[in-house]
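Contents: one structure, followed by commentary.
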Amino acid sequence: MVLFNVSFRFAFLLVVYYICFKYILHHFNGSFIKNEWCCFVFFVNIVVNHFPNKEPKCPFVRQHEGRTFVVATRELTGNTRRRTQLHTCRQEQRFSVSLLKMEDVIKLPGTEDGKAARKRTRAPEVDPQEEEETRRANAERLSVLGGEDASVRLLEELVFGAEEELLERLVEEDEEEQAGALLVEDGDHVSCDSEDDGGCVQIREAAWVDEDDEQEEEVDMKHRYRKDLMKGEAELTMSNQKLQERMRAQFQKVMGGAPSWADSNAKKKKKAAAADDDDDEEELTRRTGNFVASSDRLPSGILRMKKCLHANSSRPSEDRLSTVQFHPSAQVVLTAGLDQSVSLFQVDGKTNPKIQSIHLDRFPVHKAQFSLQGDTVIATGLKNKMFYLYDMMEGRVTPVHNVRGLNEARVKEFSVRPDGGELLLTGTSGYLHLLTLKTKEVVLSLKVNGDVVGSSFSQDGSKVFANSEDGEVFVWDMRSSRCLSRFTDEGCVKGTSIATSPDGQYLACGSQSGVVNVYSQEACLKSTHPRPLKAVKNLLTSATSLTFNPSSEILAIASRAEDEAVRLLHLPSFSVFSNFPVSKRKIIYRTSCLDFSPHSGFLSLANNKGHAPLFRLLHYKDF
């Protein structure tokens, strides 16, 4: 209310004085006062002086660091506005109220007789002794305030104890908390296995027990979801516990036993194995060196290989090549074909120089192959019963016109037995003849149903697999001359070829439709209806050539009925390498035969152009 009254009085007086002097201004026609602004300043000074309890101040004056400044002024002559520099209040009074009396001008504080006090007043002198006494008194007050009451100290000792005891107590509490984390809670049971892991397994009690769970509830077994669990009409109802046991037994029967996550012993063994792995990793970090090594197994997907100069580039064949084969021990390759010649080349991948070439007069070679030791080359023709033997050590070619016990019009296909100097000749009407190279006579003949289209020995030479034209596969024991097994190649209408892997694991059967079935040799010996491990359907024409590499990681499949009809199958993933042959580039043409070097370092093919393309398999380091 007081503030409101003062403001009301101020406003009222201001309006009254303004009206009066406005009248004077118009009455004297502007001669007494030159500007309304000056009149307004005068009215403000009068109103301010009307309040004696307030210190008179100039409305355009501010204090800063002990000095007095004018904030803004206006010119008295003319109506033009402008900003001026800072002036003292004395200068403001001199040009703003030039026509008024000096007693009506408000004087600034710190001025006397119109003169400004330019010098600062000195600070009062301080008595050092007095200041020291004041400082001591303040220090005493602070010491009293910061002092500890004896009663407070006593209460702290009773509650917390002394400082040393408090620290000891805190350390003991931390140790008890760490030890308590390893202890079993009250009310729990512990079971230990002394031999398995030497540790204890905590068995926690149930937090609460439902009485309804203890009651034997009978379950209706006639429900469609539980009918399969019944073993007879007497089990129309079954208790919950018995039903759980029945379901657990059925689950283990289907899954082949309890899963590892449900077996506590398996979990313990897994933890122990993890601990051993951690120890191995710790041991690994203590040593330095190159720990990254490439796997010896051939990866699937893409076969790393390089195209080399043709194996017979120093002497290409003038007609179709029918055979290509690598020497079993030397870095030599053999080629033969319908140009009535057999040639030997050294394989280096760069020049492949010719070693020797022999010409067989009027004898187009259907097949040529090294003997077991690699010192002799056996060559058969297309329409002759006669075949040739080429002794590489002596350089002598021996024709074999008659074979004792062989009643065949012609001899074309044959296989070399891995465990001795014997040949298995493929005759007509389903006959197989075992011929010794030493005496040149037949010692054993085998008969299968239908015409034989291919034969292959097992890795030890004790068994022979023969594929008939009707799609039947026969397994013979060479020691007892007994048929061990007989089965039909699945989906085969007409058989064309057969091959066995050197490791004795796989058997491949080719058909006229281009499908190649890969079997397990063990399954073929035990079952009369074996299921193929893989049916390779990448060829559209007859699969006429099948060859495994020495490590049994690649199965080469070829057809002589179409260009570039060659596929390499990765084992045991049974996937075809995607980068062979190279698409949109004719290199292989029609392949009649293919072979791998003794350590799978090279692959060569015999095509209808008289060339033997050579490829370096980079995964294998040796020849």
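Nothing here was measured: the structure is a model prediction, and the numbers come from that model.
Residues Val443 and Thr436 come closest through the heavy atom pair CG1-CG2, 3.7 Å. When all heavy atoms are compared, the tightest approach of Val516 to Ala508 is CG1-CB, 4.3 Å.
The closest donor-acceptor contact from the side chain of Glu472 to the backbone of Thr488 lies at 3.5 Å or more, if one exists at all. Counting only distance, with no hydrogens or angles, the side chain of Ser485 and the backbone of Cys524 share a donor-acceptor pair below 3.5 Å. Checking side-chain atoms of Thr323 against main-chain N and O of Ala368 turns up a donor-acceptor pair under 3.5 Å. A donor-acceptor pair is defined here as one N or O able to donate and one able to accept, closer than 3.5 Å; such a pair exists between the side chain of Asp348 and the backbone of Lys350. A donor-acceptor pair under 3.5 Å is formed between the side chain of Gln331 and the backbone N or O of Val347. Asn352 places a side-chain N or O within 3.5 Å of a backbone atom of His310 that can act as its donor or acceptor partner. With Thr496 contributing its side chain and Ala543 its backbone, the two residues share a donor-acceptor pair below 3.5 Å. A donor-acceptor pair under 3.5 Å is formed between the side chain of His619 and the backbone N or O of Asp296. A donor-acceptor distance shorter than 3.5 angstrom exists from the side chain of Thr380 to the backbone of Lys412, with no hydrogens or angles considered. Of the possible polar contacts, none joining the Asp489 side chain to the Asn517 backbone as a donor-acceptor pair under 3.5 Å is found.
A donor atom on one side chain and an acceptor atom on the other are found under 3.5 Å apart for Asp339 and Ser341. For the 3.5 Å distance criterion, the side chains of Thr428 and Glu408 qualify, holding a donor opposite an acceptor. Donor-acceptor pairing under 3.5 Å is recorded for the side chains of Ser458 and Asp460.
Two residues are said to be in side-chain contact when any heavy atoms from C-beta on lie closer than 4.5 Å; Phe574 and Val536 fail this criterion. For the pair Glu562 and Leu539, the minimum side-chain heavy-atom distance is 4.5 Å or more. At least one side-chain heavy atom of Arg486 sits less than 4.5 Å from a side-chain heavy atom of Asn449. In this structure, the side chains of Leu434 and Leu423 stay at 4.5 Å or more apart for every pair of heavy atoms. Using a 4.5 Å heavy-atom cutoff, the side chains of Pro502 and Phe548 are in contact. Inter-residue side-chain proximity for Lys537 and Val515 is flagged as met; some heavy-atom pair is nearer than 4.5 Å. Within the 4.5 Å cutoff, side-chain heavy atoms of Val473 are placed close to those of Cys509. The closest side-chain heavy-atom distance from Leu298 to Tyr620 is below 4.5 Å.
Figure legend: Lys354 and Phe345 shown without cation-pi pairing, the cationic atom not lying both under 6.0 angstrom from the six-membered ring centre and within 45 degrees of its axis. At least one cation-pi condition fails for Lys306 and Phe615: the charged atom is not both under 6.0 angstrom from the six-membered ring centre and inside a 45 degree cone around its axis.
Taking CZ of Arg567 as the start and CZ of Phe580 as the end, the distance is 9.5 Å to the nearest 0.5 Å. With rounding to the nearest 0.5 angstrom, the CG atom of Asn312 is 12.0 Å from the CG atom of Leu344. To the nearest 0.5 Å, atom CG of residue Leu614 and atom CE of residue Met305 are 9.5 Å apart. For the atom pair CZ of Arg417 and OG of Ser462, the computed distance is 8.0 Å after rounding to the nearest 0.5 Å.
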message = Go through it in stages, so that I can follow the logic: the residues are Leu555 and Tyr506, the test is side-chain contact (heavy atoms from CB on, under 4.5 Å), and I'd like the CA-CA distance, side-chain angles, deciding distance and then a yes or no.
response = CA-CA 10 Å; Leu555 171 60; Tyr506 302 110; over 6 Å; no
message = With side-chain hydrogen bond (donor to acceptor under 3.5 Å, both in side chains) as the criterion, how do Ser511 and Ser513 come out once you've worked through the C-alpha distance, each side chain's angles and the decisive distance to 0.1 Å?
response = CA-CA 5 Å; Ser511 63; Ser513 61; 3.0 Å; yes
query = Going through the checks in order, is the salt bridge (charged side-chain N to carboxylate O under 4.0 Å, His left out) test met by Asp477 and Lys463?
reply = CA-CA 5 Å; Asp477 185 2; Lys463 293 182 287 294; over 6 Å; no
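Using a 4.0 Å cut-off between charged side-chain N and carboxylate O, Arg297 and Glu553 make a salt bridge.
Outside the 6.0 Å centre-distance limit, the rings of Phe414 and Phe387 are not counted as a close aromatic pair.
Under the ring pair (Phe, Tyr, Trp, His ring centres under 6.0 Å) criterion, Tyr390 pairs with no residue, sequence neighbours left out. Phe623 meets the ring pair (Phe, Tyr, Trp, His ring centres under 6.0 Å) test with Phe326, Phe602; sequence neighbours excluded.
Within the structure, every pair that satisfies the side-chain hydrogen bond (donor to acceptor under 3.5 Å, both in side chains) test and touches residues 593-616, not counting sequence neighbours, is listed here: Asn549-Ser600.
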